[in-house]
Amino acid sequence: MNKLVVLTIDGNFTQGFYASLEIAENASFPFIKITGRLPPAPEIYGLYKDWHSIYNLLGLHCRKIEVKPIQITNVSEISVKETAQILSHSLNEWLNSELFRPIKEQLLVNLDPSDEFRFIIQTGDPRLRQLPWHLWNFFELYNKAEVAFSANQYKRVERATKAISRNKVRILAILGNSTGINIEQERELLEKLPNCEMTFLAEPQRSELNRYLCDEKGWDILFFAGHSSSHNNFEQGRICINQTDSLTMEELKYALKKAIKEGLKLAIFNSCDGLGLAHELEKLNIPQVIVMRESVPDLVAQEFLKGFLVGFSSGKSLYVSVREARERLHGLEEQFPCASWLPVISQNPAEVPPTWQELQRNTKAISPEIITLTKNELPLAGGVNYFKKVLLGGICGILSIFLVGSQAQVNDVFAFYDAHSQEIDGSIAAERIIEAANV
């Protein structure tokens, strides 16, 4: 059964952290809440910084804006792996501490090894996001769980009210500055996706990128490949869109807000050092973002994307797809140490991640109100045809359409419903009402 785990953490490494755990069934209120503490552990972040410094000195061919790594001859893959092991050991000691034990016990009691669940760490501390939480030995018991991070403040964005039905996933793919890297494989991987309407922007100008982001048809997925970096204590991210121009998310804010309002569900940044990008996008209340938390080599970025797209487009959940693709990167760690540490999800807790199938049968948008339709607004034939499309398309939601007209008209529509009710998608979300408009 799918569940949602939210661990809220507040404090600092010097004085310790207060923690609050909530567990819920997906899209339900939590059935348990418990508080606990994490002890002071200033050495944890110090060990991370040691690992981070050595990792960046390896001279890997990465996708960071300020590339040209310093070559240090006495830094080896062995030293990176050693510092990684020390960090992993200390992180587990911290998370398995006596102060944190009440929270861990409730996790073990309320989660079954067969459960699929999202484990969201809600924090405003960027240092906690840099840590490799997936190395906590707790996750070895749950192979269908994946870690994500979220902001302390969030909300669900009200979607545009014009209903546009489609049966293909709309993807806007930005192929930015590719100097020194190869992003053509990403294009090939995206082109092979089933039931997609793909639009590629190769090294676009800022005005062109803004125009496409604001497309009234809306996008389901935004993809970026190229160079990027984070700044200002991971509160700002920058992408290099062409040979001369780089932009922060703040500079794209209004176009991104428009895209989110028009239905953007997921952004993927297959580029370096993405925690700053995720932070800025969280402020815009984007539903989901996938970034690389550190510098990422070409092959690692390509292999992750391939694994994720294969899993996600075949029907696996977004979180399971990320975990499986991330774990496959272990096979590259002889050449690229700690490659499986890099991909990370940023989640808006007010949103439920869509499946590929839900994106395919997307109807933009969903209104929170029941719409009353008159005979002038919705002729009978048009109403029944629309009803057929909704039912046979399997769109999740409770369908409440009131036809103000004769009883025969109402009976005609609901007779069709009775005849085809088995064809409605099995997972009905009780809070959704599909808006029937502009038929």
Side-chain angles (χ1 to χ4, degrees), residues 4-7 9 45 48 51-52 55-56 62-64 84 87-88 91 95 117-136 138-139 142 144-152 154 221-225 228-230 233-237 239 249 266-283 286-297 300-305 307-309 311-312 317-330 332-333 336-349 351 353:
L4 172 63
V5 177
V6 179
L7 180 64
I9 305 178
Y45 193 65
Y48 162 77
W51 171 85
H52 177 76
Y55 177 83
N56 282 337
C62 295
R63 298 182 166 194
K64 201 167 184 176
L87 174 58
S88 175
L91 181 64
L95 294 175
F117 61 91
R118 298 177 287 141
F119 193 103
I120 300 176
I121 299 168
Q122 189 171 304
T123 179
D125 190 335
R127 296 172 300 176
L128 288 175
R129 297 180 179 224
Q130 294 173 269
L131 298 179
W133 283 79
H134 65 279
L135 296 180
W136 186 18
F138 163 80
F139 290 107
Y142 303 94
K144 294 182 180 178
E146 180 67 348
V147 178
F149 295 93
S150 83
N152 288 324
Y154 54 86
I221 298 174
L222 172 66
F223 174 81
F224 173 81
S228 66
S229 61
S230 292
N233 196 27
F234 299 95
E235 293 186 359
Q236 184 184 73
I239 60 173
M249 298 300 97
L266 170 66
I268 304 171
F269 288 84
N270 216 21
S271 55
C272 286
D273 203 13
L275 291 178
L277 299 170
H279 177 80
E280 286 198 273
L281 288 166
E282 283 176 351
K283 293 191 291 185
I286 190 168
Q288 287 86 209
V289 186
I290 299 172
V291 299
M292 299 291 178
R293 70 173 87 211
E294 305 283 350
S295 299
V296 59
V300 174
Q302 293 158 3
E303 288 300 307
F304 170 76
L305 183 66
F308 170 74
L309 292 178
F312 191 46
S317 72
L318 188 147
Y319 275 63
V320 168
S321 299
V322 168
R323 173 158 180 168
E324 291 183 351
R326 181 179 57 74
E327 289 185 335
R328 286 194 190 98
L329 299 179
H330 278 292
L332 300 177
E333 291 190 344
F336 304 107
C338 303
S340 61
W341 292 25
L342 303 182
V344 64
I345 303 170
S346 172
Q347 175 71 50
N348 180 341
E351 302 278 358

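Residue indices begin at 1 and follow the sequence shown.
Atom-to-atom distance recorded for Phe336:CZ and Glu303:CD is 10.0 Å, nearest 0.5 angstrom. For the atom pair Ile268 CD1 and Gln288 CD, the distance stands at 10.5 Å (nearest 0.5 Å). With values rounded to the nearest 0.5 angstrom, Asp125 atom CG is found 9.0 Å from Ile9 atom CD1. Separating the CD atom in Glu327 from the CD atom in Glu146 is a distance of 7.5 Å, to the nearest 0.5 Å. Remark: Ser229 OG to Leu275 CG distance equals 12.0 Å, nearest 0.5 Å. Taken to the nearest 0.5 Å, the OG1 atom of Thr123 stands 8.5 Å off from the CZ atom of Phe149.
Contacts of Phe138 classified as ring pair (Phe, Tyr, Trp, His ring centres under 6.0 Å), with partners at least two apart in sequence or in another chain: Trp136, Tyr142. For Pro132, the side chain to side chain contact (heavy atoms under 4.5 Å, CB included) criterion is met by Leu87, Leu91, His134, Leu135, Trp341, not counting sequence neighbours. Looking at residues two or more places apart in sequence or on another chain, you find a side chain to side chain contact (heavy atoms under 4.5 Å, CB included) between Ala278 and Val291, Ser346.
In this structure a side-chain-to-backbone donor-acceptor pair under 3.5 Å is present from Glu333 to Ser340. Checked by atom type and distance alone, the side chain of Asn270 never pairs as donor or acceptor with a backbone atom of Ala225 at under 3.5 Å. Here the side chain of Arg129 pairs a donor or acceptor atom with the backbone of Ser150 at under 3.5 angstrom. Side-chain N or O atoms of Arg293 include one that pairs as donor or acceptor with a backbone N or O of Leu131 at under 3.5 Å.
Between His52 and Glu294, the closest side-chain pair of non-hydrogen atoms falls below 4.5 Å. Between Phe234 and Asp273, some side-chain heavy-atom pair lies under the 4.5 Å cut-off. The shortest side-chain heavy-atom distance between Val344 and Val147 does not fall under the 4.5 Å cut-off. With a 4.5 Å cut-off on side-chain heavy atoms, His279 and Pro126 do not count as touching. The closest side-chain heavy-atom distance from Arg118 to Val6 is not below 4.5 Å. Counting heavy atoms from C-beta on, the side chains of Val289 and Leu277 never come closer than 4.5 Å. Under the 4.5 Å side-chain criterion, counting only non-hydrogen atoms from C-beta, Glu282 is not in contact with Asn348. Leu305 has its side chain within reach of Phe223: a pair of non-hydrogen atoms, C-beta onward, lies under 4.5 Å apart.
Considering all non-hydrogen atoms of both residues, Pro353 and Leu318 come closest at CB-CB, 4.3 Å. The nearest pair of heavy atoms linking Ser271 to Ser228 is OG-OG, 2.7 Å. The two residues Phe304 and Leu329 come nearest to each other via the heavy atoms N-CD2, 3.9 Å. Considering every non-hydrogen atom in both Val320 and Lys144, the closest pair reads CG2-O, 4.2 Å. Contact between Ser321 and Phe312 at its shortest, heavy atoms only, is OG-N, 3.1 Å. Heavy atoms only, all atoms of each residue included: Cys272 and Val296 are closest at SG-N, 3.1 Å.
A donor-acceptor contact closer than 3.5 angstrom is absent between the side chains of Gln347 and Tyr154.
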For Met249 and Ile239, what are the C-alpha separation, side-chain angles and deciding distance, and is it a side-chain contact (heavy atoms from CB on, under 4.5 Å)?
CA-CA 8 Å; Met249 298 300 97; Ile239 60 173; 3.9 Å; yes

With side-chain contact (heavy atoms from CB on, under 4.5 Å) as the criterion, how do Gln236 and Glu280 come out once you've worked through the C-alpha distance, each side chain's angles and the decisive distance to 0.1 Å?
CA-CA 6 Å; Gln236 184 184 73; Glu280 286 198 273; 3.6 Å; yes

Please step through side-chain contact (heavy atoms from CB on, under 4.5 Å) for the pair Val322 and Ile290, ending with a clear verdict.
CA-CA 9 Å; Val322 168; Ile290 299 172; 3.7 Å; yes

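Using a 30° and 60° split on the angle between ring planes, Trp51 and Tyr48 fall in the tilted class, from 30° to 60°.
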